[in-house]
Amino acid sequence: MPELPEVETIRTYLAGVLPNHAVVRVPHLDGRMVKMGTMAAELIRGRLPGLVVQSIGRRGKYLIIQFHDGSALVIHLGMSGRLVVEPTTTSWRTHTHMVLGLPGEAELRLVDPRRFGRIGYFLEFGEHTLKLGLEPFDRKFTGDYLRDRLSARRSSIKTLLLDQSLVAGLGNIYADEALFGARIHPLTEGAAISRQASRRLVGSIRRVLRVSIAHRGTSFSDYVDALGQPGENQAYLAVYGRTGDPCVRCGAPIQSMVIQSRTSHFCQQCQPMLEDLEG
DNA sequence: CGCCAGTCCTGACAGC
DNA sequence: TGCTGTCAGGACTGGC
């Protein structure tokens, strides 16, 4: 499931091959995937050819193909989406929902079996087009900032970390990993997160994301990078998918429970529910 | 506004 | 072997 590190891995690759190249044709674009913006699939198909890629950006889990004319194609990979660059001579695999023809007999292809992904085209794309919270690596994302945003929230911190309008880019894997690193129980109420715990959490979020980016993302089931290669970060996960395994810190078995219809993984010993009086 | 339940979707897997 | 049921969950929608 592509979260920030996986999307960043794809972004890095595409940033090395797409800029200054034009979209030469759009042989396929499934209208059911166009779920953002106001332009329908057929209009997008007509509009893209000839547009020259200026840069490849990322905002949270969204990949942004920015064109020279100021417009942008925005792609979210959902649960099972893959974005790959393949030779025109190879056949499209099943569940291919978008194909952009590139110069040099190559195609950028979006494959997404579950169709949880989403596409949108924006004539003018700016910082506020996507309504998202701060980037985890933004200087403004500090312990104090997070503490302030959590202070009136009754939801669990696990739920809140998945709220993209609070901080953008975390999904189930890295939310669990970040809470383990910060020694915070996933059911802890947002308002109960102390200033000190909040600082630990910001540091932990950045650490788990940085480590995963260095390993080109986590491949659990579906994720592969734009070259079709799986990531390596799954070997470095402390809690996600390790239910019953010994905690890397204390040896106690990793627990799992469902929070807001998502499985959460944590160590009962290392992640106490009640925050200490840390101020 | 916050919070929650429902919705979308199909591959993988367990159990018979 | 082949069927059936269950599970995985990101982000949006609507109800309260």
Side-chain angles (χ1 to χ4, degrees), chain A residues 1-8 10 30-38 41 58-64 74-84 92-98 110-120 122 128-136 146 148-179 186-193 205 209 212 217-224 228 230-231 234 237 239-244 254 256-266:
Chain A
M1 47 206 83
E3 304 179 30
L4 189 153
E6 292 74 34
V7 178
E8 180 61 21
I10 294 169
D30 187 333
R32 287 173 294 180
M33 297 298 290
V34 179
K35 306 171 188 176
M36 296 184 283
T38 55
R58 180 192 56 73
R59 185 77 174 85
K61 305 174 198 173
Y62 292 84
L63 189 82
I64 300 152
V74 178
I75 300 165
H76 191 293
L77 295 173
M79 285 292 300
S80 58
R82 301 179 175 197
L83 201 55
V84 292
W92 303 345
R93 58 193 85 212
T94 45
H95 309 298
T96 295
H97 305 311
M98 182 185 75
L110 174 69
V111 184
D112 183 8
R114 281 174 237 188
R115 287 214 289 267
F116 272 33
R118 52 219 307 110
I119 299 169
F122 299 88
H128 304 289
T129 305
L130 298 174
K131 291 164 184 53
L132 295 171
L134 289 179
E135 284 293 313
L146 184 60
D148 288 347
R149 292 292 307 269
L150 295 175
S151 62
R153 303 295 295 267
R154 305 297 308 273
S155 298
S156 71
I157 186 62
K158 171 63 185 284
T159 296
L160 293 165
L161 288 182
L162 295 176
D163 179 351
Q164 303 297 301
S165 68
L166 190 59
V167 56
L170 294 178
N172 207 32
I173 295 176
Y174 300 110
D176 281 1
E177 294 296 315
L179 287 171
L187 281 180
T188 304
E189 213 175 80
I193 303 284
I205 288 168
L209 294 177
S212 184
T218 299
S219 287
F220 235 79
S221 51
D222 294 298
Y223 168 73
V224 293
Q234 53 277 16
L237 299 178
V239 289
Y240 186 86
R242 297 192 64 241
T243 306
I254 297 300
S256 63
M257 69 185 301
V258 175
I259 301 175
Q260 213 196 314
S261 66
R262 257 161 229 130
T263 307
S264 288
H265 311 74
F266 61 99

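First the proteins, then the strands, lettered A, B, ... as listed; each starts at 1. The shown structure was predicted, so the numbers you read here are calculated from the model rather than taken from an experiment. Basis for what follows: all heavy atoms, side chains included, without hydrogens, waters or symmetry-related copies.
- Contact annotation for A:Arg262: base contact, defined as any heavy-atom pair under 4.0 Å involving a base atom.
- Side-chain nitrogen and oxygen atoms of A:Arg154 include none within less than 4.0 Å of the OP1 or OP2 phosphate oxygen of B:dC3.
- For A:His76, a side-chain nitrogen or oxygen approaches OP1 or OP2 of C:dA11 to under 4.0 Å.
- Nearer to the 5' terminus of DNA chain B, by closest-nucleotide assignment, is the contact made by A:Ala152 (compared with the other of A:Ala152 and A:Ser261).
- Contact annotation: A:Lys61 reaches the phosphate of C:dA11 (side-chain N/O to OP1 or OP2, under 4.0 Å).
- Residue A:Tyr240 is in sugar-phosphate contact alone, with no base atom involved, counting any heavy-atom pair closer than 4.0 Å across all strands shown.
- Contact annotation: A:Arg153 reaches the phosphate of B:dC3 (side-chain N/O to OP1 or OP2, under 4.0 Å).
- In terms of phosphate contacts, A:Thr263 brings a side-chain nitrogen or oxygen within less than 4.0 Å of OP1 or OP2 of C:dA8.
- Here A:Lys35 lies out of heavy-atom contact (under 4.0 Å) with every strand.
- Set against B:dC9, B:dC4, B:dG11, the side chain of A:Pro113 has B:dG11 as its closest nucleotide.
- The base of C:dA8 sits within donor-acceptor range of the side chain of A:Arg114, with an N or O pair under 3.5 Å.
- Between A:His95 and B:dC9, a side-chain N or O to OP1/OP2 separation shorter than 4.0 Å is absent.
- Applying the 5.5 angstrom centroid cut-off and the 30 degree plane-angle cut-off, the aromatic ring of A:Phe116 is not stacked upon the base of C:dA11.
- Across all strands shown, A:Gln164 has heavy atoms under 4.0 Å from sugar-phosphate atoms exclusively, and none from any base.
- Scanning both residues, A:Arg262 and A:Leu162, for their nearest heavy atoms gives NH1-CD1, 3.3 Å.
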